[in-house]
Every structure is written in structure tokens, then in C-alpha cells.
Enquirer: 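Below is a structure I'd like to ask you about.
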Protein chains: 4
Amino acid sequence: MSGSLNRVMLIGNLGRDPEIRSTQDGNKIANLSIATSDTWKDRNSGERRERTEWHRVVIFNEHFVDVCEKFLRKGSKVYLEGQLATRKWTDQQGNDKYSTEVVLQKYRGELTMLDGRSEGQQGGSGDYGGPERHSGNHQGSGSFGASFGQGNDLDDEIGF
Amino acid sequence: MSGSLNRVMLIGNLGRDPEIRSTQDGNKIANLSIATSDTWKDRNSGERRERTEWHRVVIFNEHFVDVCEKFLRKGSKVYLEGQLATRKWTDQQGNDKYSTEVVLQKYRGELTMLDGRSEGQQGGSGDYGGPERHSGNHQGSGSFGASFGQGNDLDDEIGF
Amino acid sequence: MSGSLNRVMLIGNLGRDPEIRSTQDGNKIANLSIATSDTWKDRNSGERRERTEWHRVVIFNEHFVDVCEKFLRKGSKVYLEGQLATRKWTDQQGNDKYSTEVVLQKYRGELTMLDGRSEGQQGGSGDYGGPERHSGNHQGSGSFGASFGQGNDLDDEIGF
Amino acid sequence: MSGSLNRVMLIGNLGRDPEIRSTQDGNKIANLSIATSDTWKDRNSGERRERTEWHRVVIFNEHFVDVCEKFLRKGSKVYLEGQLATRKWTDQQGNDKYSTEVVLQKYRGELTMLDGRSEGQQGGSGDYGGPERHSGNHQGSGSFGASFGQGNDLDDEIGF
DNA sequence: TTTT
DNA sequence: TTTT
């Protein structure tokens, strides 16, 4: 469909170290658990309240998988952009389960480190559109931030 | 926590008419089912492919509940902004279920009609800047984090 | 610098047909004039007021230049994403002038038609990734993606 | 007009301390100068290049003016959201000038501090410590719709 | 004028 | 379940 936008933008902190794994076709994927938090004052009690929301993030964009692996750790603060995708799966008991995730498709999305970790600098962004994966599309997905080739070293790709 | 952002922006179409219901404390809530869609060409097969994503939207913002009720119908195209929230619930069998929704909290979020449906025009949300300055606008831009009034009725604040 | 975001998102209408021109290095550029509009009720007078804001948009992203040329016309409604850039120039009298524009760099940004103009259909999405095509950088923004396509030659350029 | 969006989102650093001033009607206004920066590798020369963009930000939202005054300083990193507005003015020579600014209208926009300045002072040590120190929190900055303090009840109405 |  |  045209005229469609599916965009999620988060600023939050990693609740644990990134989990990096490989698919059988040789692609690396990163999973992040990101916390965002809302604070507000209860209208009745006047109490200050806070709610933390946890977001499952799945990264297929190779450049950003590298960034995760090299620079992000539990506690890192990031800005990221992706799209919403709900996935159905079946648990051991055979029950249908649904999981909604923030997905950074190949060649798309955005990931920026917001705290100056000594162990590394945030690289630029990558833009990697793999044929095999990306329900991607423009809308929404386009990768903001793009670029940096494919098959380059991170060194080449990282900004600065 | 501060220093946090949790934002979803969608442009899509309603898969069915809005569902409006009331809570026991007298607030109206609207539920929308919004489709966004990605289209791409398979890099290997060259085939054109498409994936539709369905988004559950829950609206607590009274003004936008009104907009839903009055102007939106199955098929309407909208721009909307909200935040991600995952809710846990238990089904009849006692299984834990999680549902991730795009939420427009009271006084927050954005909802704009993008097609000029004959049955109505989208109204706006309010804009309260001082008269002297604000190119402000409502919909479309509406404000995240912003708000409406201050003890005013929605009527006064709503554009239109 | 990393940890930076420069993003503009507009939904508005073209005030005139797109202007397409070529640079001496053979690249085509499109210029758009986009109107967004704020409506609000004056708090003191209670009057309904409206302010239209005009945005100068400059498109270096080749795909979107094509989209402009083929599908957009005066009055078209679009969603677009780019970054802010301020350019200095000198008028005939030798005065310094500054112009702030919304820029869609090569391989970046987003442009989606929101009204189904008869002269063109918006089609699928594009995925521009090719290593050679990345001057990209991250925060920049460019979103990738978009597209249109569907039976026209644009389609060939898309996705690959 | 409806169906319109005029949104700017920036993550950047203040080039100088916020400038706070009052209008004759007793409202306080803050002006910020925010730098964002793009880094990329020149495709031909292979050189790393960088371009810094400066953004003029004008804040009418009282809550955020307070945040600026209390917590922001030259060098502070912020996330902010506003809308584009171009203003015409005349210089001493009588020449027409235009200035495009990112405006946070009253009751609108967003401003969040992204570096945990303990008391809005710059300086501090360069120790970023371990990840666990980053649960963020800098108290103070209104994050994401969070409140509109300043002694009105808006504070109470917000949240969920 | 910031920042890395 | 929408839309093109």
C-alpha cells in the first residue's frame, strides 16, 4: 500500500547487554531490550508515579548489529528508529503467542548512541537493504540515517 | 526516568469502524485497528511483495475519541501519534497473554484525518498558544506532550 | 558528531508544481513548496484563526526527484521527511541572505504521496541500498525507502 | 487546514547558554542555539567529512522555558521537538530578512535533557562509569509530555 | 557557538 | 480487517 508510515522512535536505556545471534543464512541479528519511562503526577492522590515500558528491538540492519556488538552494553542510552512488527509464534504447550517488536530492517532504521561510552564511539548509520529480508518499504521504514556500504569494515562506515 | 522517548507515528487505514466504549469512571475510549503496508520487490525473484501490518490503537485522549466517533470509519486514512505500551492479560484458560498497543493518553498524542471523507471533516485539536504568537496548529502537528486546556472544556479548546 | 538527530516531518500540500532542474554534474534536483497549516481558537477573542506555513524543500535523492517529476503536482498532498539545512547566499545587492530548507539528501529522506492523484499511482516501496550509493551517514536522517512504482519505470529502479 | 503535520525533532548540543527574556505581556521566552552534526565519508576522495548545522530554537512553552533556565547550559545535550516557523523582519538598513526557527509553542513541543548534568552545570568529570550508572534520570527535564508544571493543574492532568 |  |  502506498501512503503508509510505520515508525517507532525510542530514546531509552538497554536493560541488558545486546544479544547477538546468527541466522542459518549467515546473517547476524541483534536483540535489544530497551526501557523508556514515563513520569507523571497522579491526579487524585497527587503522588508522583512512574511507569517503565520495555521494548523488544530486533535488528537486521548489519551495520547496526555491528554497532550493538561493539559499542552497546547494558545501561547504554540510545536513540533508535524502526518499525512495528507483530510476530506470531507457538509456545511449548502449543499456544499461539504474539510478540510485537521494534524492527530495524536491513538497510533501514536508525541507531545512535547517546552516551559517550569510552569503549567506543557510535558509528554512523547503516543502510543495508538485503533482498531476502525486508518487508521494508518506504513508508515508515526507510532508513533514516542511512548508508555505508556493504561489505565494508565498520571502520570505513563509522562516522569519524 | 527522564531522557526518554517512546513514540509511534503511523499513517494507515482503519480496518474497521472505530470501537467506542466507556469505562466505569465515565471516560470514553476508542479502539482502532490500523493497517500499514510495506511493499518491496524481492531481490532474488524480482517479485513484488507486500506485507500488511496491523496496529491496535487505544485512545484515551477525549478529543481524539470524539474525532473517531464523529469522523472516522472503516477505510479512513489517518496520521496518528502515540506511545507503545504492552499490557498483560489472562485468557479464559488462564494463560498469560501480552498485547502491545499504540496508546494516545489523555492530553497527548495526535490524530489527523488524511482523506476528505464526505461524512465529515476532521476537527482539530486545540492550540493554546498565546494569540500573539503561534503558528501553532492542531492536527497535524498537534502536540505530543502538549495538552489541552487547563480547566477548559474540550469544546472551547477544540478547533472547530 | 554522533548522538545527533536532525529530522523534519511534514504532511502538507504542494503550493505549485515541483520545479525540476539539473546540476552541472548531471544530477537532477527537485524543489517543492509545501504548505502546512495551523488552526486554533484565539483564547481572548474566541475567534478561529489559521496560519499557513510555507516550507522550501530541496530533494537530491534521485528516486524522489523522479517521484516529484512523475506524480506530484500543485495541490498534491505528501508526507515527507528530511533534514534542516540553512544555506547562505548573496543577493544582487550583495546582501547576505540565509535560507533554511528541508533537504532530502541522496539516498535519504522520505516522500510519500497521500492523495491518489489520477496521473499516477503510488506503488510499492523502494529500497535503495547498493553499496555504491551510500554517502550516507547516520544522523542524517535520510530515510530510505520510498517508492511508488507499480508498472512504471520507476519500478525498475526500485528495490533491486 | 487539516491533514497537516509540521514537526521537527532534534538531538543536539547547546552552543551557548539559553537566553531567557520576557515579553511585555509577562511571558518568558527561551532561545536556544542547537548544533546537530552529520559525518560522512566522501565517496570520491574517501575523506571523512563533517557538517554542523545550527538551529535557532524559540520556546514559548512555559514549562520548557523553566527547564532551560534551570537545567540547560552551553554544551547540554537535548532532545527537542517543535515546529518550523519562518518569521520576516527588517534589519536596520530596511532590508527584508527571514529567519526560520524551531518553535515550541505554549503547551506544545518537547524538551528532554539527555546528559545527566547534576545541576545543570557543565564541567563535571568525563567519567561515564559503568553501564549501570545510566538508568538515566536527570530529574527535571520534562520528558515526553511530562508535565507542564508551573503551578497549574496541567501537571495533574497529564499521565495515564 | 556545541559535541565527538 | 484497511488501502493501492
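Lettering follows sequence order; numbering is per chain, from 1. Remember, predicted model here, so these are calculated numbers, not experimental data. Note: hydrogens, waters and symmetry copies are ignored here, and every other heavy atom, side chains too, is used.
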Enquirer: Over how many whole Å does the gap from D/E53 atom CD to E/dT2 atom P extend?
Expert: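 Rounded to whole Å, this separation is 16 Å.
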
Enquirer: For the pair made of CZ in D/R49 and P in E/dT4, what is the distance, rounded to whole Å?
Expert: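 Computing the D/R49:CZ to E/dT4:P distance gives 23 Å.
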
Enquirer: Taking the side chain of B/E50 as its heavy atoms from C-beta onward, which of E/dT3, F/dT3, E/dT1 lies nearest to it?
Expert: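 Side chain of B/E50 sits closest to F/dT3.
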
Enquirer: Are D/M113 and D/V67 side-chain neighbours, meaning at least one heavy-atom pair lies under 4.5 Å?
Expert: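 D/M113 does not reach D/V67 side chain to side chain.
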
Enquirer: Take atom NZ of C/K77 and atom P of F/dT3, then tell me their distance rounded to the nearest Å.
Expert: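 Computing the C/K77:NZ to F/dT3:P distance gives 18 Å.
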
Enquirer: Going by heavy atoms in the side chains, are B/R21 and B/E19 under 4.5 Å from each other?
Expert: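 No, side chains not in contact.
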
Enquirer: State whether the distance check finds a donor on one side and an acceptor on the other, under 3.5 Å, for side chain D/S37 versus base E/dT3.
Expert: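 Looking at the base of E/dT3, it does not pair with any donor or acceptor on the side chain of D/S37 (distance under 3.5 Å).
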
Enquirer: Tell me whether B/W54 is stacked on the nucleobase of F/dT2, counting only the six-membered base ring and applying the 5.5 Å and 30° thresholds.
Expert: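 B/W54 vs F/dT2: stacking no.
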
Enquirer: In whole angstroms, how far is the P atom of F/dT4 from the OH atom of C/Y79?
Expert: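 Rounded to the whole Å, the gap is 20 Å.
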
Enquirer: Please state how far atom CZ in D/R73 lies from atom C1' in E/dT3, giving the value in whole angstrom units.
Expert: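 In whole Å, E/dT3 C1' and D/R73 CZ are 18 Å from each other.
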
Enquirer: Separation of D/R48 atom CZ from E/dT4 atom P, in whole Å?
Expert: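 Spelled out: CZ on D/R48 to P on E/dT4 is 17 Å.
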
Enquirer: For the side chain of D/T52 and the base of E/dT2, is some donor closer than 3.5 Å to an acceptor across the two?
Expert: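 Check passes, donor-acceptor contact within cut-off.
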
Enquirer: Report the residues that fulfil side-chain hydrogen bond (donor to acceptor under 3.5 Å, both in side chains) with B/R87, sequence neighbours left out, ordered by chain and then residue number.
Expert: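 In terms of side-chain hydrogen bond (donor to acceptor under 3.5 Å, both in side chains), with neighbours along the sequence ignored, B/R87 is linked to B/E101.
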
Enquirer: C/D115 CG to F/dT4 C1': how many Å, rounded?
Expert: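 So the CG-C1' distance, C/D115 to F/dT4, works out to 13 Å.
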
Enquirer: With D/S33, which residues qualify under side-chain hydrogen bond (donor to acceptor under 3.5 Å, both in side chains), at least two apart?
Expert: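 Per chain and number, D/S33 pairs via side-chain hydrogen bond (donor to acceptor under 3.5 Å, both in side chains) with no residue.
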
Enquirer: Rounded to whole angstroms, how far apart are CD1 on B/I34 and C1' on F/dT3?
Expert: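 B/I34 atom CD1 is separated from F/dT3 atom C1' by 11 Å.
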
